[in-house]
Structure formats: structure tokens, C-alpha cells
Engineer: 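The following block contains the structure, expressed as C-alpha cells.
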Amino acid sequence: IFPDIVEKTRHEEKGVDLFLKISDGINKESFESSKRIENIFSKKEPVITYAFLVVCIFLYIFLAFTGGNFLEIDSNVLVDFGGNMGYYTKSGEYFRLFCAIFLHTNIVHLVCNMYSLYVIGPQVEGFFGKLKYLFIFIFGGICGGLLSVTFNDWNIVSVGASSALF
């Protein structure tokens, strides 16, 4: 059935020497495998997540000062700074699909999204890597913006990182 099995399993070493050679090979492979796994799952600094947090919080504070209300941002201010409003987005202002990801309507909206980002973001960033995470976040946010424009009325302003997060 296996005519060359004797030749393939023949070793020059005998006894303990053969055992040590085989076990050393297994240990080396096991060590290399554990290093690869450790590299994948080791804790890394979530730079992209922290950048998203800083940008969202900074923009909220800036818009709060611009609109004069810290608890809730006026929808006109949100539209002026890139809020995703169907009328404008469908008229060719596609940058709104991107900008709206980083804007938030009120302090509760901001806190809930930033807490979720703080909890989920580092895990996703560590698992997928920085560039893939950046792509996933932006792509998810843009897709959410497109769905909002598609299913909401033309005068509804949609903002937030929820579609990028979930």
C-alpha cells in the first residue's frame, strides 16, 4: 500500500537521540506557532480608535461653541459642517457621507457612541490591524449614510458613528 514508507521513516538516529530530534522539532514548530498567535492577539496601542475619539469629541466641542449650546447641536449647524442631509447629498455633496460619521447631535449621542468606540474599537483594531480597521470604520459609516439618504425624507439630517461602529 505504501511501498516507500520504510524509506521515508528511516532515521540515522536511534533511541533517545531520535526521540530528542523529533521532540526538538515539535517544540520549535510549537514555539513559532505560539509566537505568531501571540503577535496576532497581543495588546497593541489602538491609535486609530484614539484618533477617532479625539476627532469626534473635538468636533462636538467646536460645534457646541459655534451653535451656542453644549447639550444639543442645532441641525442647521450640523448641515453647515457636513451633516448628511438627503437633499444636499443627492445634489452631489457626497463629502457629507464621510463628514457625518464624526458629527453628533447631542451630548448623550456623543457619549454613547464614544463609549462604544472606546470598548469595541481597540478589539477590532487589534484583530484586523490599523488599515483594515480604518477601512471598516469609514466604509461602515458611509454605507450607513447611504442607507439614511435612501430611506429618510430629503430634509432629515443624519449624523453619528453608529453605523461605523455596529
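In what follows, residues are counted from 1 in the order of the sequence shown. Computed from a predicted model, the values in this text were never measured in an experiment. Heavy-atom basis, side chains included; hydrogens, waters and symmetry copies ignored.
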Engineer: Sequence neighbours left out, cut at 3.5 Å: what donor-acceptor pairs do the side chains of residues 24-38 make with other protein atoms?
Structural biologist:
{"unit_1": "Asn27", "atom_1": "ND2", "unit_2": "Ser23", "atom_2": "O", "d": "3.3"}
{"unit_1": "Ser34", "atom_1": "OG", "unit_2": "Ser30", "atom_2": "O", "d": "3.3"}
{"unit_1": "Ser34", "atom_1": "OG", "unit_2": "Phe31", "atom_2": "O", "d": "2.8"}

Engineer: Is it the case that more than 12 heavy atoms not belonging to Phe95 sit under 6.0 Å from its CZ atom?
Structural biologist: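 Check passes, neighbour count above 12.
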Engineer: Please test Phe98 against Phe102 for ring pair (Phe, Tyr, Trp, His ring centres under 6.0 Å), starting from the C-alpha separation and ending with a verdict.
Structural biologist: CA-CA 8 Å; Phe98 175 79; Phe102 303 100; 5.3 Å; yes
Engineer: Is there side-chain contact between Val149 and Trp154, with heavy atoms separated by less than 4.5 Å?
Structural biologist: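 They are not in contact (no side-chain heavy atoms under 4.5 Å apart), so the answer is no.
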Engineer: Give the other cluster members for Phe151, using side-chain heavy-atom distances under 4.5 Å between Ile, Leu, Val, Met, Phe, Trp and Tyr residues; answer none if it is isolated.
Structural biologist: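 Cluster partners of Phe151: Leu147.
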Engineer: Mind checking whether Leu63 and Leu71 sit in one hydrophobic cluster, side chains of I, L, V, M, F, W, Y counted as touching below 4.5 Å?
Structural biologist: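 They do share one cluster, since a chain of ILVMFWY contacts under 4.5 Å joins Leu63 to Leu71.
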Engineer: Using the rule that Ile, Leu, Val, Met, Phe, Trp and Tyr join whenever any side-chain heavy atoms are under 4.5 Å apart, tell me whether Phe139 and Tyr133 fall into a single cluster.
Structural biologist: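 In one cluster with Phe139: Tyr133, no.
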Engineer: Can you measure from CD1 (Ile73) to CG (Leu110) and round to the nearest 0.5 angstrom?
Structural biologist: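 If we round to the nearest 0.5 Å, Ile73:CD1 and Leu110:CG are 9.0 Å apart.
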Engineer: Measuring only between side-chain heavy atoms, which start at C-beta, is Ser116 closer than 4.5 Å to Phe166?
Structural biologist: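 The answer is yes; the side chains approach within 4.5 Å.
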Engineer: I'd like to know if the side chain of Asp153 and the backbone of Asn155 have a donor-acceptor N/O pair within less than 3.5 Å.
Structural biologist: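 Checking the backbone N and O of Asn155 against the side chain of Asp153, no donor-acceptor pair under 3.5 Å is found.
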Engineer: Test side chain to side chain contact (heavy atoms under 4.5 Å, CB included) on Val159 and Val157 and set out the steps.
Structural biologist: CA-CA 7 Å; Val159 295; Val157 180; 4.2 Å; yes
Engineer: Side chains of Leu117 and Leu165, heavy atoms from C-beta outward: is any pair under 4.5 Å?
Structural biologist: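 With C-beta onward as the side chain, the pair touches.
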Engineer: Donor-acceptor pair, Tyr60 side chain versus Ile107 backbone, under 3.5 Å?
Structural biologist: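 Between the backbone of Ile107 and the side chain of Tyr60 there is a qualifying donor-acceptor contact (under 3.5 Å).
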Engineer: Within the side chain of Glu72, is there an N or O that forms a donor-acceptor pair under 3.5 Å with the backbone of Asn106?
Structural biologist: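 Pair absent, no side-chain N/O of Glu72 close to backbone of Asn106.
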Engineer: Going by heavy atoms in the side chains, are Met85 and Ile156 under 4.5 Å from each other?
Structural biologist: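 When only atoms from C-beta onward are counted, Ile156 and Met85 do not touch, as no gap falls below 4.5 Å.
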Engineer: May I ask you to check whether over 12 heavy atoms, not counting those of Tyr50, lie within 6.0 Å of atom OH?
Structural biologist: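 Count over threshold, so yes.
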Engineer: Is the closest side-chain heavy-atom distance between Phe81 and Thr66 below 4.5 Å?
Structural biologist: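 With C-beta onward as the side chain, the pair touches.
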Engineer: Using the rule that Ile, Leu, Val, Met, Phe, Trp and Tyr join whenever any side-chain heavy atoms are under 4.5 Å apart, tell me whether Val111 and Val108 fall into a single cluster.
Structural biologist: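 Yes; tracing contacts between hydrophobic side chains, which count when under 4.5 Å, links both residues.
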Engineer: Within the 4.5 Å heavy-atom criterion, are Val55 and Leu53 side-chain neighbours or not?
Structural biologist: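 No. Closest side-chain heavy atoms not under 4.5 Å.
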Engineer: When you measure from the side chain of Arg96 to the backbone N and O of Thr89, does any donor-acceptor pair fall under 3.5 Å?
Structural biologist: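 Flag not set: sc Arg96 to bb Thr89 has no pair under 3.5 Å.
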Engineer: How long is the gap from CG on Asn113 to CZ on Phe52, to the nearest 0.5 Å?
Structural biologist: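 Taking CG in Asn113 and CZ in Phe52, the distance rounds to 13.0 Å.
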Engineer: Begin with the C-alpha distance, continue with both residues' side-chain angles, and end with the deciding distance and a verdict on side chain to side chain contact (heavy atoms under 4.5 Å, CB included) for Leu78 and Leu103.
Structural biologist: CA-CA 7 Å; Leu78 290 171; Leu103 305 176; 4.1 Å; yes
Engineer: Between Leu59 and His104, is any pair of side-chain heavy atoms under 4.5 Å apart?
Structural biologist: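 They are not in contact (no side-chain heavy atoms under 4.5 Å apart), so the answer is no.
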Engineer: Any side-chain heavy atom of Phe137 within less than 4.5 Å of one from Ile101?
Structural biologist: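 They are in side-chain contact.
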Engineer: Could you see if Leu131 belongs to whatever hydrophobic cluster contains Ile48? Use Ile, Leu, Val, Met, Phe, Trp, Tyr and a side-chain cutoff under 4.5 Å.
Structural biologist: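 No, Leu131 does not connect to Ile48 through the hydrophobic network.
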Engineer: Write down the atom of Gly160, the atom of His109, and the distance for their closest heavy-atom approach.
Structural biologist: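 Heavy atoms only, the tightest pair is CA-CE1, 3.7 Å.
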Engineer: Give the minimum heavy-atom separation between Lys130 and Glu125, together with the two atoms involved.
Structural biologist: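 So the two residues come closest at NZ-OE2, 3.3 Å.
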Engineer: For Thr49 and Tyr118, run side chain to side chain contact (heavy atoms under 4.5 Å, CB included): C-alpha distance rounded to whole Å, both residues' side-chain angles, the deciding distance at 0.1 Å, then the answer.
Structural biologist: CA-CA 7 Å; Thr49 299; Tyr118 179 76; 5.8 Å; no
Engineer: Does a donor on one side chain sit under 3.5 Å from an acceptor on the other, for Asn84 and Ser148?
Structural biologist: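 Per modelled atom types, Asn84 and Ser148 side chains form no pair under 3.5 Å.
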Engineer: Could you see if Phe128 belongs to whatever hydrophobic cluster contains Leu134? Use Ile, Leu, Val, Met, Phe, Trp, Tyr and a side-chain cutoff under 4.5 Å.
Structural biologist: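 Linked within one cluster.
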Engineer: For the residue pair Ser158 and Asn152, confirm or rule out a side-chain donor-acceptor distance under 3.5 Å.
Structural biologist: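 On atom types as modelled, these side chains do not qualify, holding no pair under 3.5 Å.
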